Amino acid sequence: MKKLKFFGSMLIMFLAFFMLTGYTNKGQKGNDNTIKVTYTLKQGKKIVATKQTTLKKNDKVITGLKKNWKVEEAKGFITSIDGRKENQKKNIYWTYTVNGKKVNKLANQQTLKNNDKVQFTLDKAE
């Protein structure tokens, strides 16, 4: 009888182990739908913040920005990030690049890919 209880307990432990292992693998497969993106904030030439974030595949630039900082926008244009506001009278605005290239889309339209580097700069418009 003791042997039967022992083997029964061992069987339950092995089943629990395999169930937990299978569950973990399913969670890892879901990571195929995530990307890592690095965001940098600059004010003029000075870097004021850098954060790496995990997003869903095909998320927009605005998604990661809002995930990391308090963001204000008007008609799709970024007007303030983390309390740093544009100044229209002085012609100072937020602009951004992806992988060092200027983007001609609003932040809520530009799709991101894995390992993209997004840089927002608050500076005088050219």
Side-chain angles (χ1 to χ4, degrees):
M1 190 67 164
K2 288 182 181 181
K3 286 184 181 180
L4 185 61
K5 285 183 180 180
F6 174 75
F7 286 118
S9 297
M10 293 301 288
L11 179 63
I12 290 172
M13 285 178 23
F14 281 119
L15 287 174
F17 173 77
F18 287 116
M19 287 174 58
L20 290 173
T21 303
Y23 181 76
T24 302
N25 288 339
K26 284 183 183 178
Q28 289 173 346
K29 287 180 184 175
N31 288 342
D32 291 342
N33 291 324
T34 62
I35 60 173
K36 290 190 185 281
V37 179
T38 303
Y39 283 80
T40 302
L41 298 184
K42 287 180 73 177
Q43 193 161 357
K45 296 185 187 288
K46 182 181 176 187
I47 295 175
V48 293
T50 299
K51 293 186 182 182
Q52 186 175 39
T53 190
T54 302
L55 301 171
K56 293 178 190 169
K57 219 179 233 184
N58 297 320
D59 266 351
K60 308 295 183 196
V61 169
I62 192 77
T63 306
L65 188 65
K66 285 184 174 182
K67 185 175 179 180
N68 290 295
W69 294 282
K70 183 181 176 196
V71 177
E72 295 176 24
E73 57 183 310
K75 298 179 184 176
F77 291 96
I78 307 300
T79 59
S80 175
I81 303 173
D82 205 30
R84 293 176 173 87
K85 297 181 180 189
E86 68 177 23
N87 185 330
Q88 293 178 356
K89 290 180 181 179
K90 293 183 178 181
N91 204 28
I92 295 173
Y93 297 96
W94 280 106
T95 58
Y96 77 97
T97 61
V98 176
N99 300 323
K101 297 178 183 174
K102 288 187 178 183
V103 181
N104 291 326
K105 291 182 180 179
L106 297 174
N108 62 0
Q109 297 172 333
Q110 180 64 38
T111 303
L112 292 168
K113 295 181 180 135
N114 195 34
N115 296 319
D116 275 348
K117 291 175 180 30
V118 179
Q119 179 176 293
F120 276 85
T121 304
L122 182 63
D123 206 351
K124 201 166 221 177
E126 296 176 12

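Computed from heavy atoms alone, side chains included, the values below leave out hydrogens, waters and symmetry copies. Counting from 1, the numbers follow the sequence of the chain as shown. The model shown is predicted, which means the values in this text are computed figures rather than measured ones.
Gly44 and Asp123 get closest at one heavy-atom pair: CA-OD2, 3.7 Å. Minimum interatomic distance between Gln110 and Tyr96 (heavy atoms only, all atoms of both residues): CB-OH, 3.2 Å. The shortest non-hydrogen separation linking Glu86 to Ile92 is CB-O, 3.2 Å.
Two residues are said to be in side-chain contact when any heavy atoms from C-beta on lie closer than 4.5 Å; Glu73 and Lys66 meet this criterion. In this structure, Thr38 and Thr50 have side chains that are in contact, with non-hydrogen atoms separated by less than 4.5 Å. Annotation: side chain of Lys56 is not in contact with side chain of Asn33 (no heavy-atom distance under 4.5 Å). A 4.5 Å side-chain heavy-atom check between Thr53 and Lys51 finds every atom pair outside the cut-off. Residues Thr79 and Trp94 form no side-chain contact, since every pair of their non-hydrogen atoms from C-beta on lies 4.5 Å or further apart.
A distance of 10.0 Å separates CG in Leu55 from NZ in Lys36, rounded to the nearest 0.5 Å. Put simply, OG1 on Thr111 and CG on Asp59 are 9.0 Å apart, with the number rounded to the nearest 0.5 Å. Gln43 CD to Leu122 CG: the interatomic distance, rounded to the nearest 0.5 Å, is 5.0 Å.
Residues Leu106 and Val61 are members of separate hydrophobic clusters, defined by side-chain heavy-atom contacts under 4.5 angstrom among Ile, Leu, Val, Met, Phe, Trp and Tyr. Hydrophobic clustering of Ile, Leu, Val, Met, Phe, Trp and Tyr side chains at less than 4.5 Å, counting indirect connections, keeps Val118 apart from Tyr93. Leu65 and Val48 fall within a single hydrophobic cluster, where Ile, Leu, Val, Met, Phe, Trp and Tyr are joined by side-chain heavy atoms under 4.5 Å apart, directly or via other members.
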Q: Determine, stepwise, if the pair Ile35 / Asn115 fulfils side chain to side chain contact (heavy atoms under 4.5 Å, CB included).
A: CA-CA 7 Å; Ile35 60 173; Asn115 296 319; over 6 Å; no

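Sparse packing is recorded around CG of Asn104, with 12 or fewer heavy atoms of other residues, nucleotides or ligands lying under 6.0 Å away. By the 6.0 Å contact criterion, NZ on Lys85 is open, its count of non-hydrogen atoms from other residues, nucleotides or ligands being 12 or less.
Taking the six-membered ring where the residue is Trp, Tyr39 and Phe120 present parallel rings, their angle staying beneath 30° rather than reaching 60°.
Remark: the backbone N or O of Lys117 is paired with a side-chain donor or acceptor of Asn99 at under 3.5 angstrom.
Lys57 and Thr34 are not linked by any side-chain donor-acceptor pair at a separation below 3.5 angstrom, with hydrogens and angles left out of the test.
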